[in-house]
Each structure stands twice: as structure tokens, then as C-alpha cells.
Colleague: 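The structure follows.
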Amino acid sequence: MEQLYQQVILDHSRQRSGEGELQAPDGESFQVNPTCGDECTVQVTLAEGAIDSLAWTGKGCSISQASLSLMYEMVHGQPVAEAEQLGETFRELIHNRGQELDEEKMDLLDDLGAFTGVGRYSARVKCALLGWMALRGALAQAQPTQA
Amino acid sequence: MEQLYQQVILDHSRQRSGEGELQAPDGESFQVNPTCGDECTVQVTLAEGAIDSLAWTGKGCSISQASLSLMYEMVHGQPVAEAEQLGETFRELIHNRGQELDEEKMDLLDDLGAFTGVGRYSARVKCALLGWMALRGALAQAQPTQA
Amino acid sequence: MTDLLNLAGDFPLLDRTVRGGKPLVYLDTGATSQKPAAVLEAERAFNSRHNAAVHRGAHQIAEEATEAYEGARAGVAQFVGADFGEIIWTKNATEGLNLVAYSFLNATLGRGGAEAERFRLNAGDEIVVTELEHHANLVPWQELAAKTGAVLRWIPVTPDGRLDLEQLDVISERTRVVAFTHASNVTGAITDTAPIVARAQEVGAYTVLDACQSAAHLPVNFAELGVDFAAFSGHKMLAPTGVGVLYGRRELLEAMPPVLTGGSMVEIVTMESTTFMPPPQRFEAGTQMVAQTVGMHAAVDYLTGIGMDKLAAHEDQLAGELLAGIAEVPGVRVLGPSSTQDRLAVVAFDVPGVHPHDVGQVLDDQGIAVRVGHHCAQPVHRAFGVHASTRASAGVYTSSSDIQAFIAGLHQVVKFFG
Amino acid sequence: MTDLLNLAGDFPLLDRTVRGGKPLVYLDTGATSQKPAAVLEAERAFNSRHNAAVHRGAHQIAEEATEAYEGARAGVAQFVGADFGEIIWTKNATEGLNLVAYSFLNATLGRGGAEAERFRLNAGDEIVVTELEHHANLVPWQELAAKTGAVLRWIPVTPDGRLDLEQLDVISERTRVVAFTHASNVTGAITDTAPIVARAQEVGAYTVLDACQSAAHLPVNFAELGVDFAAFSGHKMLAPTGVGVLYGRRELLEAMPPVLTGGSMVEIVTMESTTFMPPPQRFEAGTQMVAQTVGMHAAVDYLTGIGMDKLAAHEDQLAGELLAGIAEVPGVRVLGPSSTQDRLAVVAFDVPGVHPHDVGQVLDDQGIAVRVGHHCAQPVHRAFGVHASTRASAGVYTSSSDIQAFIAGLHQVVKFFG
Ligand SMILES: Cc1ncc(COP(=O)(O)O)c(C=O)c1O
Ligand SMILES: Cc1ncc(COP(=O)(O)O)c(C=O)c1O
């Protein structure tokens, strides 16, 4: 249990960062986890290739809430490309069945490394990734189509 | 095999009695065996509570054709009640899984007793009864509703 | 106090362990049941001795397969108080409920001729469902309404999770269909069907009963209940996955147009048009789940061997233990009746401040399998002001010590997230 | 000459006897196949170790069940050259074909919104089928036509039981759907799909392939064939009854409205309306035939282990033996191609003057199981001027001695009724 519910996860699920709504988001995405009906909305504004502001609302379990809160802390203010890179690495971690990734990637993930244990529980994978799916959707909407 | 295909069945399947059509039937019924698409039509006219004339057409296996042919021979000219009684007894025989009925009933069935073996083959039950189902339908149509 | 049954030994899966050697405590029977060895054996024996296409061959194995398949129909018919010809095999209850809705749609689109006119829905006609329904007995009716222009109305739930029988005037002269559950998979409430059926009959509406939870846990007799249609699933009542039943009153089935079409349900097929067989075949297109019907037969035989009355008493006892145990966990709220009166041993609850996923995870870590989420019934959760819940549900193999383990686990949950 | 496979020992049912001790000669694989022990074991192991509701629980067994179920999807996808998300579980092929027809009907009735408009059928639109179809790929299209006002047209058969590719101009600018078989269950003819798919694409019609007989006996790759939809059944390819597959191109599935509705395929459900999940879940309402999908996975693994090329070569050899043997029985007429070129080991024939029921009965008496009747394909029988036929069909476990026994039996038939 303690492997899954690391202290940083429990903390972030209680003291959540970035909850709220933006007045004029450039992009926004709503995602549902159909198993439980959990949902979240992520909004972003961009400036000069970076995530200028980010806000989210949602209801869900400790894993999904902590994931959103930590996501907020780590990507807000960051260049879009880096946020996307981080998202990819996080997805890779969560799909790694409870094993850590290589050192370089774990360094990049920083506090997100606390989610390593989630990968052991396939039913929870979606919880950890829900916010990141919404981020991807919001960024896609905010950016001029790259074709 | 010989138990199923008694000589009387083989004979009747080749030399069929009663095949044809009536000009003005009082009752008529069309029946299909959905397994194989075999079908038959039985037509009757009634007079004074008896089957005045009966004719049938159909395509089917030796069992169904012989059954129709023998049915013709045994019920045509007979009182409706007796024909219906015979039909009931025949149904009972066919559903008896290859065993003969009591002596009285076997006497009543006469040549129809040759179908005893059919009851051992559940897939052929419908073949033996197809004509009799059509007879029942035709008689029902020919008679004023008994309510 | 009833003598509890002691049958876990009949169920091979129940002796396994989970999460590093913890004995399994299976409290998710409301979602799907485990299967006794007798059911697995029956299916296996069919597959290795009698498997063939039914209603189709003249050879011996085909005859045996047909007898097994139709024998299963007869067995299940008897189990639910129906006639042989009133039992239609489906893959699950969901298909059964959809089958009724699609047959009515087909009638509305002119299929089935004059005989089927009675099933046509017109704009302004009403379909009544309930707030307590599983999505399987709600969404098909939403869809039928949207396609025909009929209006969907519903019977609300009371604060303790029962159908509000004070509000039966939702059923009016405009009502054509009343679809309702026999027992809720969330609140565990068992419906008092009589007033609903009476009201529906008064206005000439067809009744469609979701018997998924009832057929598995109570003696049911559809003829006595007087409903027109009822659906249930094998997998919830010790039978294999992949088989369910739609019951329909013979007179109705005979007039209804088919839904799925294809082999084994036709009489004469030309390129231009087709005539259909009588029920039940008319509603069973293509090769059916034959081995699974044989498993279902073994399951109802197993249940009959126990006696559904005894099973109900066993589960009543467990429901009481569940409710009493949960009542002692501080703050936990049961979504449903708090007494065992007219109630299944299906208990959903809310642990304030702890998400059901987290509740379930901590229980799972102790080897206790419960269900978390909305249990395919979002509206009733909304009625309770929650989003999702945790649910413990018992079955024929559940014991008091399973309940104790669960209650101890629930105390752990509160402690862990406290 | 190929080396024949020698696998009958893997199939428990095949060592049984019938009709008073006669060894069984099973030549009814075209109707349904027997199942290897590996398939029965896989299903049994699932049921006694990993059975739980999929996609629904947070507990360990539910996770295992979900992985088994989705793993089966991945396995089958690979087997037929599809992507994971393009495989929809159905109870049989018949349901799969109906699913496409009903989704188009729902689109026509306005469901699925603007995205689904491309599937709407209007009066005057045309649906093209063929005279060679099994009822499962004919009647659903007749019904769809009757409900939408579309017109049904068809590709005729040639005197040797193939689709008449000279007549492809039946497919016109008005054609919206072309539904055709990959291999006939009567004539055994394997369709040259390329010209049909090309013609359909030229006019913008959707292609629906009945792959029931092909997926079981030949290597198939739907992506390479370029069809839009394809359906097949597990029970014909060594898997359990109760499971089948609909393949659909992802882009189409994503735009199509659901057919069966209920649990496990919804996102947000209110009393008023519902949003649906993406494919494949959108098309899998309710609890699925999970144990049977696991059996299906084992079946495709078994077939892959043999190699579909090897299987096809094995059956080609047997088809040759069947055709050669039958040719020596006086008067018997084969309904279908007389060479093994593009042909399955499915051989239907007419014994003039002897009804197929009687043919089958005499064979059965010798322990030889064949199928008699119209094989759910009345139109093609009518095209051959017969009403019904007898059919011998081979599978992976069939041996030359099976064929010899059958040919000897056929001589007996002619003698008995001669
Ligand atoms: C060519 C063909 N199409 C469709 C079907 C229907 O398959 P099922 O009955 O499994 O749905 C069959 C088998 O009966 C078949 O042989
Ligand atoms: C009350 C109720 N109705 C309907 C269903 C649907 O049953 P299935 O998923 O087997 O079709 C269920 C089970 O999920 C249920 O509990």
C-alpha cells in the first residue's frame, strides 16, 4: 500500500495545486474515466511557446487528483515541448508495470517518480493519466494545427 | 437402418398415394421444416363430419413423403374425429423414442407402426409429423370454429 | 438466525490467493458470480462429448447437442416459472432488454405487419423507466424514445434507495412501456412489483422487468409476477459468461418482429424476402452459445438443489451482518435501505472524503475484492449526491468470516486515509 | 502432395463413438468445429482462476480478467491483420453482420449526429448482396432495405457456384453497401475479393465481408483485403460457442452510432441522455463473453502454431480427395467447383432421387457426421435447381481415412436407395 500511496501522492491529493478555472483559455479538454465516472477539465493559455497559465477542475480518486496537482506544479510556465516530453515520459513510467525507468528519465520525472507503483495496478493506470490526457487535449486545441 | 427404413416406408416414398391438388378445398395448410426447407401442403374437403377428399403436394425426404402417402390412405374417407385421433396416436408413437405403444394403439396405427423406429432419431421426428401438422391445420380451417 | 450455507468448497476459484498470498475474499458477486465445479464440468463434458451444430444435423452428435440445448431451455423455463417457448437465449441481460426495444422499433418501422402494430410507438407516446435503473434498462429506452419520438419519463427514488411508489402516476394513458428493475444493483432494494404491474396493466402498457439481480438471489416466477418481459444474465447466477435470457409472454413474442436476422430463424428465404419461424427461434439468429446454455442449465440445477428460499435466507443473514458491520465504521453512509427488509446482500456505501477507488485499493491490498465506481447506474448515484461508491455484495458461497474480513478492512481504510 | 497434419489426438470429442460403437467420422466442420484440449483448458483455467467483471473492478482478479479479455482482443487482431481497436466482440458472426446493418439504420434515424450522416440510407440507395450468401449476410440487408427504402440488388452465381464477376455492374453509383462472402459454406468457392472491393471503392460503397468460412481455414488479412467490415465466428475455428468478431476500419467505427446500449459503453448517463465511449467499447454493451474470448485467444494461438498456410494446404489436399472420391459415385453432382482451385474442403452435393435427409441418415448409421439441408443458404440451392443438399466439410483434424470412410459410405447410400 505504502508503495502505491507515497506520501507525496497523499499530500498532493489533499493540498491540491492549480485547481481553478481560466477566464480565456487558449485550449481546454474534458476527460472521463468511464469505469468510475471520474472526470477532469484542464485549461491552458500559451505565450511564446510556453504554458503561460494552467488550471484544472475535476473529481476523482487520490491518484488522479495528486497527478493533476503535481502536473500543474511541474508544467506550468514550462515550454510546451518540454511539457509534452514530460507527459510522454510519465506515460512510459505508468505503463511500466511498477518498474522505474532509467536514471535519466527518473531524474526528469522528479516528484512524479512517486507514481511508479501505480503501474502495478492496471485498473489505476487511467487514474494517473487522466489529467495528462486532458493536458494533451488542451495543448492540441491551443496550438495552431501543425500540418 | 432397416429398422428405420421399413419396406412399407420405402415403398410409399416411391409409390405415393394422394398426391395432387383439390379444386375447392374447405381447408388447406402449408408447413415447412425449417432445418431442410422441406415443405408440404395438405388440402381437404369435408362432408358429414368426414374427410370427403384429401390431397397433398410437397417435397421432402422418404420419411416425410411416406408419412404423407400413408396418411392419405388411412384418413381419407374417415370421420374427422377418427382422423384426429389417429394423428394424436401417431404423434405419441413418434415421440416415444423408438418404442412401440400399447397393443391397442399399435393396432389402431396399423401400417403407421412402420414409423416406430423414426422416434429414435430426434432430427427426423419433424419429417414424420410434417404432413400430420398440415392435416391438423387443414381440418382446423375446414371446420366451423368450435368455441 | 439462519443456518448459513457452507458451499465455498464447490467453487474452484475461491481457494486462490491474491496480492502476495492473501486469501481471496470475494465480495463482488453483484458484478459477476464465481462458478461451481458442476457448471464447469457440464460445459466441459458438452464440449468434449456432444458439441455440434444444433437444429441442423441429422447425425447423432447434432441430435445430442440439440437435446442439450433445448433441455437447458426447459430447465431455465421451469426455474423462472415460464413456458418452454417463452425463453429466448441472449448473450446477456443487456441484449435481452435491447431486443425488446429493437423489436418495438422494427414494429414502428412497419416490420411484422398488422400483427405487430400493437408495438408501434408514436410521437407523444411515453416510455416510463426509473431513476434506479442500471444503464442496461435505461439507455436502450432513451434510444428508442429518440428514434420514435416517444417521451421518456421516470419513477424517482426515495431517500433510502427504493422506487417511490407514491409517484406511480408518472404511468399514464400515454404510457406504452414501463421498464423497471426487480432489484437494484446499487441500493439492493427489492421492488414491490405488484402496484407497478397493476398500474401498467390499467393503462395498457407493456412491462419490462430487469431481473438480473433478482433471478440470481431470490425465487422468481415471471408468470406470477405478471410482467410481459424480463431479462437476466447467466454470469450473475453461477453460469458461464456469454449466456442470458429474455423471457416474453408467448402471445407477445408471437406477434413481435425479429431483431437479429440470419440462419436458424427463417422459414423460406428468397433473394427478395424472408418468412420467419415462430418464437423462440425467431429471436435466435445464428449459431447460439450452446455450451454456455448447458452451463446455465447446470447452474439452475445447482441453485434448485440448494433451494432459492434457502439461498435468500442465507443472503438475508449476510446482508444483516454487512449492514451492522458498516454501521460501526464512523462516518460511512449506506446508499440504500438500512434494514434487511426487502433487500439483497448488495451494499453500496460512501466513505466521506475517501474516493471509492482508494477504498477499493486498500481493501484489495488485504485480499478483499469489492466493486468501486458507479456500477453502471449513474442516475441513482446522482440522486444520492455522490459520483461513485464502493459496493460489497454476497453470494451463495459467501460466509460470515468474509463479511468480518471486509468490515475489518473497512476500518483499515478509514485509518489509512483518516 | 502435401504432408497431411495429424492432429485429431488434440481433440477430445473425436475419439468418441456413435450409433452403437462406430468410431466417429466428423465431416461437419463447416457447421461447427470441434475444440482442442488447449482451448477447453484455457477457458477452464480462466473460470477457475481469473474470472471477474472486466473494466470494472479495482481488485486483482478484475485486473487479471481485464488483461485476459483485452489480450484476447490483441491476439485475434493480429491473427486477422487488424488493429486492436478494430476488433469488436460479438456472440457470433450473425450478430456482427447485423451490428453493421443496425448501426446504419440508427444513423439513418438520426443517431450519431453529423459524423454518422455518411452511413444514412435514403430511398433509392442500393445495397448489393450476392446469391451465394449465407442467410446471415442476406436477411439483415433485406431488413435494412425494407426499413430505409433502399433497394436490394445482387451479384448472381455462375454454374459452378462462384460469384459472377462479369456482373459487377450491379454495383453502381447508387450502391451504398456491398455485402459478400469470402468463401461459400455451400459451394466452397473462395471469392476473388479484389475486383469487388475495387468496384465498391470506385463508387464509394462500404464493403462488408462474411469471413466465417475463410478466417477458419485460410490466412486472412483484412487490412490487405481492403474491406471496411468483416465478421466471423469463433465456433467455426476451434474456439468456444458464444463468441464472434466484427472487424471494422477504425475511422468508420469511430463515426458509427452504437447498436446495443447499456453498461460498459457509456461515458456520462443522465436520465435524459447519454454519451458513448469510443470503439471498440462503444459496441460492447453489457457483460461480455469473457471466458469465451479467452478460448478464442487459445484457438488462434493453436492455429498460428500450426500455420494457416499449412492448414490451407492440408485442407486443399483433403478437398482433392473428397472431389475425386465423389466423382466416382455414379450420378452424384457436386454443387460447386469441381477442382480444388480457390476452393475450400467444403463439398455439397446432390444424390439424384435420394433426399439429403436420407443420405445423411445412412451415413450417420455408419458413424459419419455430415450436414444435410439448405445450410442456411436457400438462394444458392435454388440457383442449382435443388432444395437441399448433403455437405461434407473438413477441418484441421480431418484425415484421409475420414474421407475414405465417407466415400465408402456414400457408395452405401446409393446402394441402399438404388
Ligand atoms: C458463410 C457463413 N456465413 C455466416 C455464418 C453464420 O455464422 P454464425 O451462425 O456463427 O453466426 C455461417 C455459419 O453458419 C457461414 O458458414
Ligand atoms: C440490475 C442489473 N441490470 C442489468 C445488468 C446488466 O447485465 P449484463 O451486463 O450481464 O448484461 C446488471 C449487471 O451488470 C445489473 O446488475
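All of these numbers come straight from a predicted model, not from anything done at the bench. The basis for the numbers below is simple: all heavy atoms, side chains too, and nothing from hydrogens, waters or symmetry mates. Naming convention: chains lettered A, B, ... in sequence-line order (proteins, then strands); numbering from 1 in each chain.
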Colleague: Give the member of B:Gly60, B:Ala123, B:Cys127, B:Ser13 that has the highest number of heavy-atom pairs under 4.5 Å with chain D.
Modeller: B:Gly60
Colleague: Indicate yes or no: at least one non-hydrogen side-chain atom of D:Asp365 is less than 4.5 angstrom from one of B:Glu2.
Modeller: no
Colleague: Under a 4.5 Å cut-off applied to non-hydrogen side-chain atoms, are D:His357 and B:Ile63 in contact?
Modeller: no
Colleague: If you take all heavy atoms of B:Arg124 and D:Asp358, which pair is closest and at what distance?
Modeller: NH2-OD1, 3.0 Å
Colleague: Answer with side chain, backbone, both or neither: which region of D:Gln366 has an atom nearer than 4.5 Å to a non-hydrogen atom of chain B?
Modeller: neither
Colleague: In terms of heavy-atom contacts, does CD of B:Glu88 have more than 12 from other residues, nucleotides or ligands at under 6.0 Å?
Modeller: yes
Colleague: Quick one: list whatever passes side chain to side chain contact (heavy atoms under 4.5 Å, CB included) with B:Asp110, sequence neighbours left out.
Modeller: B:Met74
Colleague: What is the distance from atom OG of B:Ser62 to atom CZ of D:Phe416, rounded to the nearest 0.5 Å?
Modeller: 8.5 Å
Colleague: Given that the side chain runs from C-beta out, which part of B:Asp38 has a heavy atom under 4.5 Å from chain D: side chain, backbone, both or neither?
Modeller: both
Colleague: Looking at B:Arg97, I want to see if its CZ is surrounded by more than 12 non-hydrogen atoms of other residues, nucleotides or ligands under 6.0 Å.
Modeller: no
Colleague: Side chains of D:His355 and B:Lys59, heavy atoms from C-beta outward: is any pair under 4.5 Å?
Modeller: no
Colleague: Quick one: ring-ring contact (aromatic ring centres under 6.0 Å, His included) pairs with a partner in residues 56-75 of chain B, sequence neighbours left out?
Modeller: B:Tyr72-B:His76
